[in-house]
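Read through the structure below, which is laid out as structure tokens, and then see the notes.
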2 protein chains.
Amino acid sequence: MAVTMNDVARAAGVSLKTVSNVLNDYEFIRPATKQRVQDAIAELGYEANLTARSLRSGKSKMLGLVLSDLSAPYYAELASRLMKAASRRGYRVLVEQSDAVADVELNALQGPFRQLTDGLLFTPLMIDADAIAARLGRKPLVLLGEHILDSRFDLVTMKNEEAAAALTARLLSGGRRRIAVIGAHSGESAGSAGLRLNGYRKALDQAGVPFDPALVAPCQWRRDNGAAAVAGLLEGGVEFDAVFGLNDALALGALHELLIRGVRVPREVAVAGFDDIDEARFASPSLTTVAPGMEEIAERSIGLLVDRIEGRETSGGGVQVEAGFLLQVRESAP
Amino acid sequence: MAVTMNDVARAAGVSLKTVSNVLNDYEFIRPATKQRVQDAIAELGYEANLTARSLRSGKSKMLGLVLSDLSAPYYAELASRLMKAASRRGYRVLVEQSDAVADVELNALQGPFRQLTDGLLFTPLMIDADAIAARLGRKPLVLLGEHILDSRFDLVTMKNEEAAAALTARLLSGGRRRIAVIGAHSGESAGSAGLRLNGYRKALDQAGVPFDPALVAPCQWRRDNGAAAVAGLLEGGVEFDAVFGLNDALALGALHELLIRGVRVPREVAVAGFDDIDEARFASPSLTTVAPGMEEIAERSIGLLVDRIEGRETSGGGVQVEAGFLLQVRESAP
DNA sequence: TTCCTGCCATACATCGTTGCAGACCCCAGC
DNA sequence: GCTGGGGTCTGCAACGATGTATGGCAGGAA
């Protein structure tokens, strides 16, 4: 069996509790004793049993991350950064893929997943604020993204609306007047899709360009959907001189479909996306997009969550953080 | 506090152990008793404390996954599939990013990470078979990828050499004679880079085409490295009519650089990759590559690991699994 | 009746750690 | 010499579950 505290205690000639005290940096221990214990630990190769510690202390030093699909590039990059930020603070991240299924999201909030972790980073897609509030235990929860805007919750988000507006304005100033939007989620207003669509409309208004619903293509946020959406527009005879993909995957799918069909980008149709995933820089033509300050999002959300867990952040209402953004102008929409 | 078994026992009017027995499907329980316990569980909303169970039973129902970087598309897609395969068997996956740092890899093998999990899926990059063997505890370990070929370990891999040879042969049969290879790792022979390079050389031999070391560009496996490698070849005055990126990220970086410099693909230079990440299909031109049977890899490796953990697979030596592959011929190298 | 066997339920110890309360020692102050 | 208090260390209980051993009760065999 593994070496336990008891073995260390025996080897060092002290009580089990003293070993515990050394490990937990208890103040009043004679340097000599401390040294003896540490020597014994080193000699026996003792490692604390995290499960037992967890049972006793009620803390697991693990954070939960709930997102729809880790294979989506944006989430993959985000998860990677979140894990590094957590690691710097002594935490691990346990990931749960919801596949955008409501039941999975609900279970993540109250089921075993919640129990295993000290706090949750949650990207709600299918459930609303009340469903979350009803299941909100005593453990900290930080929402990621913008599906829920509710002052009850901590939230780390990005300037979706402003960024989408800025990007749209950029397309407009380049002379584009019929900008197709793909990836809208009909009926949704508070989510990323809704906010970005809002930004788009505001920029149009600002420029005095009429909004044409025919230019809006609703679909999920994957490359193949982007391609299909563009195909649909072209085959439907809808005229457009630019495509705004509500995320990069969509925009890259759209770009691919346009090129296949012999549409010249950006000459005939400009293409822009949102997220600035690594892939965007290396597309051909490279993709104009919005860089949402992912590092800031990762750092702030982990920071906030850990502060809540360790009791450094105690404000009653939700803390709302909005990360900055940067327009990345590249070849697809110069 | 949370509801415990004791509360359930009291509510159902049975002993704590009987509740435990109901939960663990013990055979001899009167249906009426069982029902009473289940009612109490439902009424109180009892959920088993996984930490306590874990401490007592020594099993956590978690698998560890060690890889270099979750934001690399291949690993992201693989991790996503592994997590789903694990979930089907009642396990969760805890991911550790090694950043290809030897110390992190070593710690994952014996440190707290190992302790938290019932078994490990490990992609060794910086450490060798002996280092692994020296730290191999009693918990199951399945190696992923090919850095280590050693009959002591369970290993799930792909047909790197055959696939690379098949891809190279395809380029040769298309009339390409000077095929640049990017992403080689000098001095390495057993890793993915080494094996794929081997396959390349074998195909050349087979076709009677001489091997030219000037065509081999060593670098890490990211998009920017691929771009830089191609830039280096072009600026070094090396002539080539095809580029074989040892993974897709490299190939896509290379493709981007070629197009930027006005090289026509595939007319002047064909480009091929390895991995068939989703992005490959949507590149422009779409990328010819090798689909390594990722679903098979995910399913088999999780299956093997869980079988080891649950004692269904007990063979002494290492089980070696080699997944099939498929050539995906697309526009970049028709 | 007595004993045994099969079914059902229980008590107790245990996993490895931490929180709480207290024991002990030593020195300063009265 | 006694008291008080700060520093140093210890013992016991507890976290919430499971394994082992065993206790009862029914019904059938002797």
Side-chain angles (χ1 to χ4, degrees), chain A residues 1-38 40-41 44-62 111-112 114-118 138-139 310-311, chain B residues 1-41 44-62 111-112 114-116 118 138-139 310-311:
Chain A
M1 288 295 110
V3 182
T4 75
M5 269 192 173
N6 233 319
D7 302 326
V8 175
R10 217 176 351 252
V14 296
S15 80
L16 184 153
K17 187 69 237 251
T18 298
V19 179
S20 170
N21 284 336
V22 170
L23 262 67
N24 293 285
D25 287 321
Y26 179 63
E27 198 177 353
F28 303 115
I29 305 179
R30 231 175 319 172
T33 311
K34 188 168 187 171
Q35 191 58 51
R36 218 148 21 99
V37 170
Q38 285 169 336
I41 287 176
L44 298 178
Y46 167 77
E47 287 193 351
N49 181 318
L50 299 183
T51 308
R53 176 175 289 176
S54 188
L55 173 61
R56 184 66 244 240
S57 70
K59 305 262 159 187
S60 66
K61 289 277 180 178
M62 288 209 285
R114 192 73 199 273
Q115 192 193 98
L116 284 169
T117 54
D118 293 343
R138 59 238 153 279
K139 288 188 184 172
E310 300 181 350
Chain B
M1 288 291 110
V3 182
T4 77
M5 268 194 173
N6 234 319
D7 303 326
V8 175
R10 216 174 354 252
V14 296
S15 81
L16 185 152
K17 188 71 234 255
T18 298
V19 178
S20 169
N21 285 336
V22 169
L23 262 68
N24 292 286
D25 287 322
Y26 179 65
E27 198 178 355
F28 303 117
I29 304 178
R30 228 175 317 175
T33 311
K34 188 168 186 170
Q35 190 58 51
R36 215 144 26 96
V37 170
Q38 284 169 336
D39 289 350
I41 287 176
L44 298 178
Y46 167 77
E47 288 191 352
N49 182 318
L50 300 182
T51 308
R53 178 175 288 174
S54 188
L55 175 61
R56 188 64 244 243
S57 70
K59 306 262 159 185
S60 65
K61 289 279 181 177
M62 289 210 284
R114 193 74 200 273
Q115 192 195 97
L116 284 170
D118 293 343
R138 59 239 154 277
K139 289 188 184 171
E310 300 180 352

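Each chain gets a letter, A, B and so on, in the order the sequences are listed, and its residues count up from 1. What you see below is based on every heavy atom in this structure, not just the backbone, and it leaves out hydrogens, waters and symmetry mates.
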- Task: Under 4.0 Å between any heavy atoms, over every strand shown, what does B/L16 touch: base, sugar-phosphate, or nothing? Just pick one.
- Result: base
- Heavy-atom donor-acceptor pair, A/R56 side-chain to C/dT18 base, under 3.5 Å: yes
- Rounded to the nearest Å, what distance is computed from the CD atom of residue A/E27 to the C1' atom of nucleotide D/dG6? 11 Å
- Selected nucleotide, minimal atom distance to A/T4 side chain, candidates D/dT10, D/dA17, C/dG16: C/dG16
- Query: Can you tell me how far C1' of C/dT17 sits from CD1 of A/I41, to the nearest Å?
  - Reply: 13 Å
- Task: Could you verify whether a donor N or O on one side chain and an acceptor N or O on the other, from B/S54 and B/T51, lie under 3.5 Å apart?
- Result: no
- side-chain N/O B/T18 vs C/dT10 OP1/OP2, d < 4.0 Å: yes
- Item | Distance test, side-chain N/O of B/S20 to OP1/OP2 of D/dT18, below 4.0 Å | yes
- Task: Return yes if some donor-acceptor pair links the side-chain N/O of B/D118 with the main-chain N/O of B/K59 below 3.5 Å, else return no.
- Result: no
- From the options D/dT18, C/dA9, D/dC9, select the nucleotide whose nearest atom is closest to the side chain of B/N24. D/dT18
- So, A/D7 and A/R10, do they make that salt bridge, N to O below 4.0 Å? yes
- Minimum-distance pair of heavy atoms, taken over all atoms of B/L44 and B/V3: O-CG2, 3.4 Å
- Which residues in residues 47-55 of chain B have at least one heavy atom lying under 4.0 Å from any atom of DNA chain C? B/L55
- Message: Need one value for B/N21: base, sugar-phosphate or nothing, where a base atom within 4.0 Å counts as base even if backbone is also close, heavy atoms only.
- Response: base
- Task: State which of D/dT8, D/dT18, C/dC8 makes the closest approach to the side chain of B/F28.
- Result: C/dC8
- Query: Quick one: B/Y46 OH to D/dG16 P, roughly how many Å, whole number?
  - Reply: 10 Å
- Task: Please report the closest heavy-atom contact between B/K139 and B/Q115, naming both atoms and the distance.
- Result: NZ-O, 3.1 Å
- Item | From D/dT10, C/dC8, C/dT10, nucleotide with atom closest to B/R30 side chain | C/dC8
- Take atom CD of B/Q35 and atom P of C/dC8, then tell me their distance rounded to the nearest Å. 15 Å
- Task: Provide, to the nearest angstrom, the distance between the NZ atom belonging to A/K17 and the P atom belonging to C/dC24.
- Result: 19 Å
- Query: So, the side chain of A/S57 versus the backbone of A/R53: is there a donor-acceptor pair under 3.5 Å, distance only?
  - Reply: yes
- Item | B/K34 atom NZ, over 12 foreign heavy atoms within 6.0 Å | no
- Note on the structure: Whole-Å distance, B/I29 CD1 to D/dT18 P, equals 12 Å
- Separation of atom CE in A/M5 from atom P in D/dA14, rounded to whole Å: 20 Å
- Task: Would you kindly give the NZ-to-P distance between B/K59 and D/dG16, to the nearest whole Å?
- Result: 24 Å
